[in-house]
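Right, one structure below, let's go through it.
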Amino acid sequence: MENLNVMLTGTPSDSHTWNLIFMELFLQENGCKVFNLGACVPIHKIHQSIEKLSPDLVVISSINGHLFQDSMEIMSSLSKSSLKALPPLVVGGKMGISLHASAFQKKKLIKLGYNEVFTEKSALLHFKKYLYNLRNINAQRTFKRAV
């Protein structure tokens with residue numbers, strides 16, 4: 001099965017990098033080729049990188065407690081951009097200053113266009129399953145194009 005090309009990014013307001021390093025290693029261990037944009041990534045850089053890299057998946061990770069707000073701004077901007085099509089986008093980390101993400105926050109981000117939101121204690125297990133399913137979907141698309 002082929003590797004997924006994943007673009008990993010922090011949010012504009014988050015200067016933490018250890019979560020990005022952890023996610024890069026986790027993604028690589030799960031059969032992904034990773035392009036890590038790093039921390040404090042401006043929204044226009046996320047646009048440019050999606051256009052340039054054409055990733056199979058975009059992972060947005062933040063642990064500073066502003067993920068909900070930053071994710072809303074990122075998606076709002078992406079939906080207004082000139083990008084022809086968006087790859088699957090997922091977010092994970094610390095949504096806000098509360099210890100737990102609210103169901104409202106998750107539903108709002110899904111409604112805005114994110115494919116999945118990973119914030120609970122079992123997030124890595126669910127994310128690993130998500131990667132497996134996405135890889136299978138991509139493999140089926142590749143097979144159909146080849147036939």
(message) Tell me whether E51 at atom CD has more than 12 heavy atoms from other residues, nucleotides or ligands lying less than 6.0 Å away.
(response) no
Could you tell me the separation between the [atom1] atom of [X] and the [atom2] atom of [Y], rounded to the nearest 0.5 Å?
X    : Y    : atom1 : atom2 : result
L109 : N115 : CG    : CG    : 11.5 Å
D56  : K33  : CG    : NZ    : 9.5 Å
I50  : L53  : CD1   : CG    : 9.0 Å
L89  : L57  : CG    : CG    : 7.5 Å
M72  : L67  : CE    : CG    : 11.0 Å
H47  : L78  : NE2   : CG    : 4.0 Å

Considering non-hydrogen atoms only, spot the tightest contact between [X] and [Y] and give its length.
X   : Y   : answer
P55 : P87 : O-CB, 3.2 Å
S77 : I43 : OG-CG2, 3.3 Å
L37 : M7  : CD1-CE, 3.9 Å
S13 : N64 : O-ND2, 2.9 Å

(request) Measure the shortest side-chain to side-chain distance between L131 and N133 over non-hydrogen atoms and say whether it is less than 4.5 angstrom. (result) no
(message) What I'd like to find out is whether the side chain of K111 reaches to under 4.5 Å of the side chain of K107, using heavy atoms alone.
(response)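 K111 vs K107: side chains apart.
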(message) According to ring-ring contact (aromatic ring centres under 6.0 Å, His included), who are the partners of Y114, at least two apart in sequence or on a separate chain?
(response) none
(message) Please tell me whether S62 and D70 have a donor and an acceptor in their side chains that are separated by less than 3.5 angstrom.
(response)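 The answer is no; no qualifying pair exists.
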(message) Please tell me whether H66 and T11 have a donor and an acceptor in their side chains that are separated by less than 3.5 angstrom.
(response)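 Side-chain D/A pair, H66 to T11: absent.
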(request) Examine L125 and F127 and state if one hydrophobic cluster contains both, with Ile, Leu, Val, Met, Phe, Trp and Tyr joined whenever side-chain heavy atoms are less than 4.5 Å apart. (result) no
(message) Are I63 and I74 linked, directly or through intermediate hydrophobic residues, by side-chain heavy-atom contacts shorter than 4.5 Å (ILVMFWY only)?
(response) no
(message) Using the rule side chain to side chain contact (heavy atoms under 4.5 Å, CB included), only one of N30, L27, L134 pairs with L4; which is it?
(response)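 With L4 as partner, N30, L27, L134 yield a single side chain to side chain contact (heavy atoms under 4.5 Å, CB included), made by L134.
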Run the side-chain donor-acceptor check on residues 16-26: report pairs under 3.5 Å with partners two or more places apart or on a different chain.
from : atom 1 : to  : atom 2 : distance (Å)
H16  : ND1    : D14 : OD1    : 2.6
N19  : ND2    : S61 : OG     : 2.8
E24  : OE1    : N36 : ND2    : 3.0

(message) Quick one: does any side-chain atom of S71 pair with a main-chain N or O of F68 as donor and acceptor, under 3.5 Å?
(response)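 Absent.
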(message) Quick test of your reading of the model: are E120 and K106 salt-bridged, counting only N-O distances below 4.0 Å?
(response)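 Yes, E120 and K106 are salt-bridged.
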